[in-house]
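Accompanying notes for the structure given below.
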Amino acid sequence: MKPWRTLWLALALGTASACSPPVTPNPADAASDITQGSDVAATMDAPLPADDVIATDASSSEIATPAALTYWGAIRPLVEQNCQGCHSTGGIGPMDLGTYAAVQPLARVIASQVRNRIMPPWMPAAGCRDLKDSRALTDAEIATFVQWEAAGAPEGTMSEYRAATPRTGTTRPLPATPGQLIVEPTEAYLPMQNRTDDYHCFIVDPALTTSRDVVGVRVRPGNPGIVHHMLLFEVRQSALPALQRLDDATPGPGYTCYGGVGIDPGYRVGTNGDIADVDVQQIHGWAPGGVDGYYPNGTGIRIKPGSRLVMQVHYYIPPSKRGMTDRTRIELFLGEPGTTQQALWIPQLNNDFMVPANAGPTDPRSTAVATFRNTLPLRIFGVFPHMHQRGHSIHVETTPNTAAGATQCMVNIPSWDFHWQQNYFFALPYRPAVGDTLRTTCVWDNTQANQPYVDGVQQPSRELRWGEGSDDEMCLNYFYVSL
């Protein structure tokens, strides 16, 4: 926690810390509200450059369907566009939905899931800023699934098939080829077997000879059954002696680490608003439900020659998973300095809460608020809200420093689901005025019915406080910003 506090004080924004999600995603259990709002604030900047999103006609996400709905004419395009990212061979979904033979027996289940907005998983509610890459289905798309199932799920003919047009506001995908820089341990790692949680830092030398900007990231957990959190940091030359001491103190590759890499970041802001210097900075974070992709166009996290990359992995190892090993891989896609604006992740948190055992979400003690007053000309491109398994809801907003302004909702997740958390990038960036207040509000449900299961046994409700462990809680949000 101490390293992030230094960053926060340096930016005159508050205190901060890293996070550590605890459980393996279970797509079959995911549930969320998935409608998307359309608020556009008067303080928004001009749209991002055109190559950041796939621009399409506003109605392009609607699937043109024949009078008689069939699998080939109406359903297959929707399934390809909205389901097969997970429900495919080797995907995290519990079944492959790549054929009519696979989809037809599940027609009633699929119709129920989409009608109740359980699938595709998308947690943000309407009424806040427009977000890129929404997975929410339109009312017309939902009706197509429901009406097709009601008609007996007919197959139709392959000649009816037309691929769906990419949705409006979709970030250009990462190429199928690997990123220019690969980060992975030199060998598979066996987590400590005498504890449930193991946080381990792996050191990788990227061998950079010039500064490069990380503009996109792809994360490949080596063993999704035990990998429950990943943070990637840059440690620059000024801090390499301290990093070497940490590595030498632990046998084998890497070292045990909690919250961060164990070294003060030392952020220093220059007179032009750029990051003048830094010893350690966070590059990326991955948690269950996280998605791969590019950062907002024209921005990137700058890494310098001579630096080391440190990948912190949180392993959750209940007794049933002892003996499993992992070798997680991260692919970094790079841009050239001068073509991108330097950005960084700024965390905001409340780590001073206490939720009593059996307290429900309406209990005032189940709510915590993290705030800071903006003192810099920030440009906010997105957020990454984070709680653990007993989270009920999380809300991120800005309040203007004048009575004439209106509070701006950035993202509202009224039904938190740990399995589907991710970062959310705005369709248009947002500039809070100096003096505006940025606020994250967290609500927990600590009743017995909402307790997690470990090895098939539901845990008893107990007092909740801030902590890095799988059975602790967090109230945390990251802002992806440029200065």
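Everything quoted here is computed from the prediction, not taken from an experiment. Excluded from the calculations below are hydrogen atoms, water molecules and symmetry mates; all remaining heavy atoms, backbone and side chain alike, are included.
- Closest of all the heavy-atom pairs between Pro178 and Ile182 is CB-CD1, 4.2 Å.
- Considering every non-hydrogen atom in both Ile317 and Tyr315, the closest pair reads CD1-O, 3.6 Å.
- Between His386 and Phe384, the ring planes lie perpendicular to each other; the angle is over 60°, past the 30° to 60° tilted range.
- Of the residues Tyr480, Phe425, Phe426, Tyr430, the one that meets the side chain to side chain contact (heavy atoms under 4.5 Å, CB included) test with Val383 is Phe426.
- Partners of Pro175 according to the side-chain contact (heavy atoms from CB on, under 4.5 Å) rule, which considers only residues two or more places apart in sequence or in another chain, are Thr177, Tyr294, Phe333.
- By the 4.5 Å heavy-atom criterion applied to side chains, Trp286 and Ile330 are not counted as neighbours.
- Side chain of Arg135 to backbone of Pro121: a donor-acceptor contact under 3.5 angstrom is found.
- The two residues Pro385 and Asn477 make their nearest non-hydrogen contact at N-OD1, 3.2 Å.
- Between Ile380 and Met410, the closest side-chain pair of non-hydrogen atoms falls below 4.5 Å.
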- Task: Would you sort out whether Tyr255 and Val261 count as a side chain to side chain contact (heavy atoms under 4.5 Å, CB included), showing the intermediate values?
- Result: CA-CA 9 Å; Tyr255 59 96; Val261 299; 3.6 Å; yes
- Item | Step-by-step side chain to side chain contact (heavy atoms under 4.5 Å, CB included) determination, Arg218 to Arg329 | CA-CA 8 Å; Arg218 178 184 289 136; Arg329 169 189 174 101; over 6 Å; no
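- Judged purely by atom type and a 3.5 angstrom limit, Gln408 has no side-chain atom pairing as donor or acceptor with the backbone of Pro432.
- Each of Thr371, Thr399, Thr398 was checked for a side-chain hydrogen bond (donor to acceptor under 3.5 Å, both in side chains) with Arg439, and the lone residue meeting it is Thr399.
- Side chain of Gln81 to main chain of Thr165: a donor-acceptor pair is present (N/O by atom type, distance under 3.5 Å, no hydrogens or angles).
- Using modelled atom types, no side-chain atom of Gln348 and backbone atom of Phe479 make a donor-acceptor pair closer than 3.5 Å.
- Rounded to the nearest 0.5 Å, atoms CG (Asp436) and CG (Leu438) are 7.5 Å apart.
- Partner of Asn446 under the side-chain hydrogen bond (donor to acceptor under 3.5 Å, both in side chains) criterion, chosen from Arg365, Gln451, Glu473, His392: Gln451.
- Side-chain polar atoms of Asp197 and His314 form a donor-acceptor pair below 3.5 angstrom.
- In this structure, Tyr478 and Asn423 have side chains that are not in contact, with every pair of non-hydrogen atoms separated by 4.5 Å or more.
- Contact annotation: the side chain of Cys475 approaches that of Trp444 to within less than 4.5 Å [non-hydrogen atoms, C-beta and beyond].
- There is no side-chain donor-acceptor pair under 3.5 Å between Thr340 and Tyr295.
- A salt bridge does not link Arg390 with Asp472: every distance from a Lys NZ or Arg NE/NH1/NH2 to an Asp or Glu carboxylate oxygen is 4.0 Å or more.
- A distance of 11.0 Å separates CD1 of Ile110 from CG of Leu78, quoted to the nearest 0.5 Å.
- Distance alone, capped at 3.5 Å, is enough to place a donor-acceptor pair between the Arg327 side chain and the Pro185 backbone.
- A donor-acceptor distance shorter than 3.5 angstrom exists from the side chain of Thr144 to the backbone of Ala140, with no hydrogens or angles considered.
- Other residues, nucleotides and ligands place more than 12 heavy atoms under 6.0 Å from the CG atom of Asn401.
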- Task: Go through the steps to decide whether Val79 and Phe145 satisfy the test side chain to side chain contact (heavy atoms under 4.5 Å, CB included), and finish with yes or no.
- Result: CA-CA 10 Å; Val79 170; Phe145 277 109; 4.2 Å; yes
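- Proximity of the aromatic rings of Tyr424 and Trp122 is defined here by a centroid distance below 6.0 angstrom, and this criterion is met.
- Taken from CG in Leu208 to CD1 in Ile303, the straight-line distance is 5.0 Å, to the nearest 0.5 Å.
- No side-chain heavy atom of Lys304 sits less than 4.5 Å from a side-chain heavy atom of Gln237.
- Leu137 and Arg117 make their closest contact through O-NH1, 3.4 Å (heavy atoms, listed as atom of the first residue, atom of the second, distance).
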- Message: What verdict does the side chain to side chain contact (heavy atoms under 4.5 Å, CB included) test give for Leu334 and Val214, after you've listed the backbone C-alpha separation in whole Å, the side-chain angles of each residue and the deciding distance to 0.1 Å?
- Response: CA-CA 5 Å; Leu334 306 178; Val214 177; 4.0 Å; yes
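- Note that OG of Ser88 is 11.5 Å distant from CD of Glu80, once rounded to the nearest 0.5 Å.
- Residues Thr299 and Val215 approach most closely at O-CG1, 3.7 Å, considering heavy atoms.
- Interatomic distance, Asn350 CG to Met474 CE, rounded to the nearest 0.5 Å: 12.5 Å.
- In this structure, the side chains of Glu184 and Phe202 stay at 4.5 Å or more apart for every pair of heavy atoms.
- Contact check for Asn412 versus His395: side-chain heavy atoms found under the 4.5 Å cut-off.
- The pair Asp279-Arg236 fails the salt-bridge criterion, with no side-chain N (NZ, NE, NH1 or NH2) lying under 4.0 Å from an Asp/Glu carboxylate O.
- Contact of the Met387 side chain with the Leu476 side chain is not registered, since no non-hydrogen atoms from C-beta on lie closer than 4.5 Å.
- Of the possible polar contacts, one joining the Asp326 side chain to the Gly222 backbone as a donor-acceptor pair under 3.5 Å is found.
- Rounding to the nearest 0.5 Å places CG of Asp96 at 10.0 Å from NE2 of His87.
- Minimum heavy-atom separation, Asp198 to Pro191: OD2-CA, 3.3 Å.
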